[in-house]
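A single structure is presented below for examination.
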Number of protein chains: 2
Amino acid sequence: MQNTLSALAEPNRLQIIELLRRRPLAVGEIAVRLRLRQPQVSKHLRVLSDAGLVEVHPVAQQRIYSLRAEPFNELDAWLERYRRTVDERFDRLDDILREQKAKGEKDHGHSK
Amino acid sequence: MQNTLSALAEPNRLQIIELLRRRPLAVGEIAVRLRLRQPQVSKHLRVLSDAGLVEVHPVAQQRIYSLRAEPFNELDAWLERYRRTVDERFDRLDDILREQKAKGEKDHGHSK
DNA sequence: AGAGAATATACCTGTCAAGGAATATTCCGC
DNA sequence: GCGGAATATTCCTTGACAGGTATATTCTCT
């Protein structure tokens, strides 16, 4: 999760992911489309690969990179936990605010 | 989206978010629970706030931070685009691989 | 085996962001 | 207005990381 997020945090890497969403691509193709130099693309793909976001399929001297589903599913599951509690949170906020105010007054022995 | 991801990419910030998922908290509380120093917590909250991930509610000298739903919804929408294409991608991968191989052979005038 | 294409790695450099410590700011009660 | 609590901001230093360039690696074809 942490790895996934930091891998996606880099702008060029996010663009690579967006590119690969449409279809698997070779390194050179990615470099051309994003106007990046080949070495940097390879490096970014290394990071993405280590994070499990992409996988490689060699074809001759080319390496075709494609997305892997798992990390996206994990991200989805993580998000799910937030979706469930969004409503509660807003209700809760008022409670918390009141609670904090009450505590503050109590701490000072303010009886009215 | 980019901002959201890079804000979440920092480990301590992600932890702050996880904490706030349970309930809104004051800066000091966060610092204690995560064993961080107050200034760093304030700085992280600044980043999260700029990214629109959290909002502040002042209570006396305290500032109660709570999550905002919007960025999570955006993340969700972004993910949705990937969920839809996961299946296609795998089918497509084979096509691409064949396609690339065929192209390679064609480029060399290899007729059989 | 040798040439050349496609990709990966190594090394260097500069930048940016996070932590530490001190200080400024804001707010409350008296 | 003053003292003290809670938080924000500033300045400094350091480490990680991305880009640039050169070079190594891998594969194919002849």
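Predicted model, so just to flag it, every value in this text is computed and none were measured. In what follows, every heavy atom counts, from backbone to side chain, and hydrogens, waters and symmetry copies are set aside.
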For C:dA18, does either OP1 or OP2 sit under 4.0 Å from a side-chain N or O belonging to B:Arg13?
->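 True: B:Arg13 side-chain N/O within range (under 4.0 Å) of C:dA18 OP1/OP2.
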For A:Glu74, all residues meeting salt bridge (Lys or Arg N to Asp or Glu O under 4.0 Å), sequence neighbours excluded =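 Once residues adjacent in sequence are excluded, A:Glu74 has no partner under the salt bridge (Lys or Arg N to Asp or Glu O under 4.0 Å) criterion.
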List in numerical order all residues of residues 33-41 of chain A for which some heavy atom is under 4.0 Å away from an atom belonging to DNA chain C.
->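 Those residues whose heavy atoms fall under 4.0 Å from DNA chain C, taken from residues 33-41 of chain A in numerical order, are A:Gln38, A:Pro39.
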Heavy-atom side-chain contact between B:Gln15 and B:Asn12 under 4.5 Å |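 Contact flag for B:Gln15/B:Asn12 side chains = yes.
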Heavy atom of residues 43-53 of chain B under 4.0 Å from DNA chain D: which residues?
->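 Here the set is B:Lys43, B:Arg46.
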Report the distance from atom CD of A:Gln15 to atom P of D:dG19, rounded to the nearest whole Å.
->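 Atom-to-atom, A:Gln15 to D:dG19, this comes out as 11 Å.
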Please tell me if the side chains of B:Ile17 and B:Phe72 come closer than 4.5 Å, counting only heavy atoms from C-beta onward.
->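 Yes, their side chains come closer than 4.5 Å.
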Donor-acceptor pair, side chain of B:Arg68 and main chain of B:Glu55, under 3.5 angstrom |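 Checked: no pair found.
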Could you list the residues that satisfy side chain to side chain donor-acceptor pair (under 3.5 Å) with B:Glu18, not counting sequence neighbours?
->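 A:Trp78, A:Arg81, A:Tyr82.
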Which atom pair, heavy atoms only, marks the closest approach of A:Arg83 to A:Asp76?
->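 Looking at all heavy atoms of both residues, the closest pair is NH2-OD1, 3.3 Å.
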Please tell me which of the listed nucleotides, C:dA8, C:dA6, C:dA18, lies nearest to the side chain of A:Ser42?
->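 Taking heavy atoms from C-beta onward, the closest nucleotide is C:dA8.
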Partners meeting side chain to side chain donor-acceptor pair (under 3.5 Å) with A:Gln2 (sequence neighbours left out) |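 Partners of A:Gln2 by the side chain to side chain donor-acceptor pair (under 3.5 Å) criterion come out as none, since no residue qualifies.
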Taking atom P of C:dA17 as reference, at what distance in whole Å does atom CD of A:Glu10 sit?
->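 So the two atoms are 12 Å apart, to the nearest Å.
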Is any side-chain nitrogen or oxygen of B:Tyr65 closer than 4.0 Å to OP1 or OP2 of D:dA6?
->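 No, outside the criterion.
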What is the distance from atom CG of A:Leu53 to atom CZ of A:Arg13, rounded to the nearest 0.5 Å?
->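 So the CG of A:Leu53 and the CZ of A:Arg13 are separated by 9.5 Å.
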Minimum-distance pair of heavy atoms, taken over all atoms of B:Val54 and B:Leu45 =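 Minimum heavy-atom separation between B:Val54 and B:Leu45: CG2-O, 4.1 Å.
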Out of D:dT7, C:dG19, C:dA8, which has the shortest distance to the side chain of B:Val27?
->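 Taking heavy atoms from C-beta onward, the closest nucleotide is D:dT7.
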Roughly, in whole Å, what's the span from NE2 in A:His57 to P in D:dT26?
->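 Value for this atom pair: 20 Å.
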Go through the structure and list residues passing side-chain contact (heavy atoms from CB on, under 4.5 Å) with B:Ala9, not counting sequence neighbours.
->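 Only A:Ser6, A:Ala9 meet the side-chain contact (heavy atoms from CB on, under 4.5 Å) criterion with B:Ala9.
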Over how many whole Å does the gap from A:Gln62 atom CD to D:dT25 atom C1' extend?
->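 Those two atoms, CD and C1', are 16 Å apart.
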Return each pair, listed once, that meets salt bridge (Lys or Arg N to Asp or Glu O under 4.0 Å) where at least one residue sits in residues 34-49 of chain B; pairs must be two or more places apart or across chains.
->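 Those involving residues 34-49 of chain B are B:Arg46-B:Asp50.
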Could you list the residues that satisfy side-chain contact (heavy atoms from CB on, under 4.5 Å) with B:Gln38, not counting sequence neighbours?
->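 Per chain and number, B:Gln38 pairs via side-chain contact (heavy atoms from CB on, under 4.5 Å) with B:Val27, B:Ser42.
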In whole angstrom, what separates B:Asn3's CG from C:dA17's C1'?
->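 Atom CG in B:Asn3 sits about 15 Å away from atom C1' in C:dA17.
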Polar-atom pairs under 3.5 Å, protein N or O versus N or O of nucleotides 2-5 of chain D: list them with distances, or write none.
none

Residues in side chain to side chain donor-acceptor pair (under 3.5 Å) with A:Thr4, at least two apart?
->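 If we apply the side chain to side chain donor-acceptor pair (under 3.5 Å) test to A:Thr4, skipping adjacent residues, there are no hits.
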Taking CG from A:Asn12 and C1' from D:dC17, how many angstroms apart are they, rounded to a whole number?
->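 These atoms are roughly 13 Å apart.
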Five pairs at each end of the helix from C:dA1-D:dT30 to C:dC30-D:dG1: take the axis at both ends and give me the angle between them to 10°.
->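 For the helix from C:dA1-D:dT30 to C:dC30-D:dG1, the axes at opposite ends meet at about 30°.
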Mind checking what makes side chain to side chain donor-acceptor pair (under 3.5 Å) contact with B:Arg63, not counting sequence neighbours?
->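 With neighbours one apart ignored, the set is empty.
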